[in-house]
Amino acid sequence: MENTNLDIPVRKMENICERILTENSGAYDDASSRAELNELIHSFLNQQTHSGDADDWHNLAVTLSIRDEYKLACDILTCGIKYFPKNVDLLADYLLYGIDCGKTEQCKKISQDLLSIPKRLWTWRGFSFLTDYILQTEALYAETDEALDSILEKLLNIVHEYRKLFPLFEDSYKVEATIYKKLNMSDKYIMILEQAMEQIPACPKCALMYADSMFESSNYQKALKGVTRSIADSSQIKQSAHDGYLYFLHGLCIIADAQKNNDNLNKDIIINIYSDFNMALSFYDNSVGSGKVINYKDVIKNKILYLINRYHINIPEEDVALQNLVNELNL
């Protein structure tokens, strides 16, 4: 039965949803579990009043979106925006999730509402999510080169406004690089990533994007430069661009460069590669629900087999995660 007098604070509703999603993580996709969550959200939204700030509404929407409940997240944001109609984060969140659940007309209105707010009041979400929204709804559907050029100009104007407000924040470079990548402008994609690495004190995400691109084009020395920079910058700002993937890629770059140039690796370098792979596995083992774990483990197994068979150098005892993986191979 619908209850319009629950009077549950927004922050408490987030905790309730988090508990439901966590406790039912194994069986959440069945109809009854999802129906329970839908009914709970529906009752909450029909309360006569809601208590909470804009951050509370944002956090509740994020909690739902993590489990791909984009429509429910948009329902939450619609209610939150009624209380905070000029909050940039809530408007930007709606664009992010609305694209994924067919809220086409609503997103058009939300984008106009966002653009009516002075740029000086925008957060990073406003710039980042709006450019992604324009890319997905306009740029990728342009019918002529002229139309695409016009949309590109609009996107770059937004990015440059972003950079003026946050000159030492790497995300404006990351957003610009994403635009170029989506529009197949590979030279500009590499150029803006290199520019970020030259001008931004810490840019782990841009450096990793650069490393991935260089690795894909078999330029392993430049890939190694990028991933090494990403590891250093991630440590500097106490956040990892992609946790164990950095160490995984670092080890791969060293092996691939040696194979490409038909070089031999010395013992110290091989021990360092073992350490990279051990770090990667340690991160992955602690990363719940990572869909990439098995694939990376398989790649690491193959590389470890190659190193052991070619160089006959044992894995150090302290590399426990790597030792456990090798034990699966019965070497």
Side-chain angles (χ1 to χ4, degrees), residues 170 174 190 193-194 196-198 200-331:
E170 75 162 325
K174 177 177 175 288
I190 296 300
L193 294 175
E194 290 178 334
M197 292 168 67
E198 291 170 1
I200 304 299
C203 57
K205 295 177 182 177
C206 287
L208 179 55
M209 292 167 71
Y210 177 80
D212 275 331
S213 183
M214 291 298 101
F215 190 87
E216 290 171 3
S217 61
S218 300
N219 196 327
Y220 303 119
Q221 281 291 325
K222 288 187 175 181
L224 190 58
K225 172 187 173 183
V227 73
T228 301
R229 170 70 184 272
S230 186
I231 290 172
D233 287 357
S234 295
S235 174
Q236 177 182 333
I237 62 176
K238 297 182 180 179
Q239 93 177 43
S240 176
H242 277 294
D243 296 329
Y245 179 70
L246 290 171
Y247 297 96
F248 171 76
L249 183 59
H250 191 267
L252 287 187
C253 285
I254 298 172
I255 295 171
D257 189 57
Q259 290 177 322
K260 179 181 179 180
N261 296 303
N262 199 28
D263 292 335
N264 286 318
L265 299 172
N266 63 41
K267 180 177 180 179
D268 289 341
I269 292 176
I270 293 170
I271 294 298
N272 286 335
I273 294 172
Y274 289 158
S275 178
D276 282 337
F277 287 160
N278 186 71
M279 285 286 289
L281 290 169
S282 298
F283 274 110
Y284 297 146
D285 287 344
N286 293 326
S287 179
V288 178
S290 174
K292 298 180 179 179
V293 174
I294 296 176
N295 180 47
Y296 290 162
K297 281 188 174 181
D298 288 343
V299 174
I300 290 174
K301 282 180 182 180
N302 290 333
K303 297 305 178 184
I304 291 301
L305 278 172
Y306 164 76
L307 292 174
I308 290 176
N309 288 332
R310 176 163 180 172
Y311 296 103
H312 308 290
I313 296 174
N314 293 327
I315 298 168
E317 292 183 2
E318 59 266 26
D319 292 341
V320 177
L322 193 58
Q323 285 279 4
N324 291 337
L325 184 67
V326 169
N327 289 337
E328 297 177 14
L329 300 174
N330 295 318
L331 293 177

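One-based numbering along the sequence shown.
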So, taking the atom named [atom1] in [X] and the one named [atom2] in [Y], what distance separates them when rounded to the nearest 0.5 Å?
X	Y	atom1	atom2	answer
Asp319	Asn278	CG	CG	4.0 Å
Tyr306	Ile273	OH	CD1	9.0 Å
Glu170	Leu193	CD	CG	9.5 Å
Ile270	Ser275	CD1	OG	13.5 Å
Tyr245	Tyr296	OH	OH	5.0 Å
Ile271	Asp276	CD1	CG	11.5 Å

Donor-acceptor pair between Asp268 and Asn272 side chains, under 3.5 angstrom: no
Side-chain donor-acceptor contact under 3.5 Å, Asn314 with Tyr274: no
Are Val227 and Leu252 close enough that some pair of their side-chain heavy atoms sits under 4.5 Å apart? no
Would you say Cys206 and Ile200 make side-chain contact, with heavy atoms under 4.5 Å? no
Output yes when a side-chain donor or acceptor of [X] lies under 3.5 Å from a complementary backbone atom of [Y], and no otherwise.
X	Y	value
Arg229	Pro204	no
Ser213	Met209	no
Lys297	Leu325	no
Asp257	Tyr220	no
Thr228	Lys225	no
Asn219	Met214	no
Ser235	Ile231	no

Look at the aromatic rings of Phe277 and Phe248 and report parallel, tilted or perpendicular, splitting at 30° and 60°. tilted
Taking all non-hydrogen atoms of both residues, which atom of [X] and which atom of [Y] are closest, and how far apart?
X	Y	value
Leu246	Ser230	CD2-OG, 3.1 Å
Tyr210	Gly226	CD2-CA, 4.0 Å
Ala280	Ile300	CB-CD1, 4.4 Å
Ala211	Leu249	CB-CD2, 4.0 Å

Give me the one residue out of Ile254, Ile255, Asn264 that meets side chain to side chain contact (heavy atoms under 4.5 Å, CB included) with Ile269. Ile254
Leu307: which of Ile315, Leu265, Ile313, Asn302 passes side chain to side chain contact (heavy atoms under 4.5 Å, CB included): Leu265
Suppose we screen for salt bridge (charged side-chain N to carboxylate O under 4.0 Å, His left out). Which residues come up paired with Lys301, at least two apart in sequence or across chains? Glu328
Taking atom CD of Glu318 as the centre, report whether more than 12 heavy atoms of other residues, nucleotides or ligands fall under 6.0 Å from it. yes
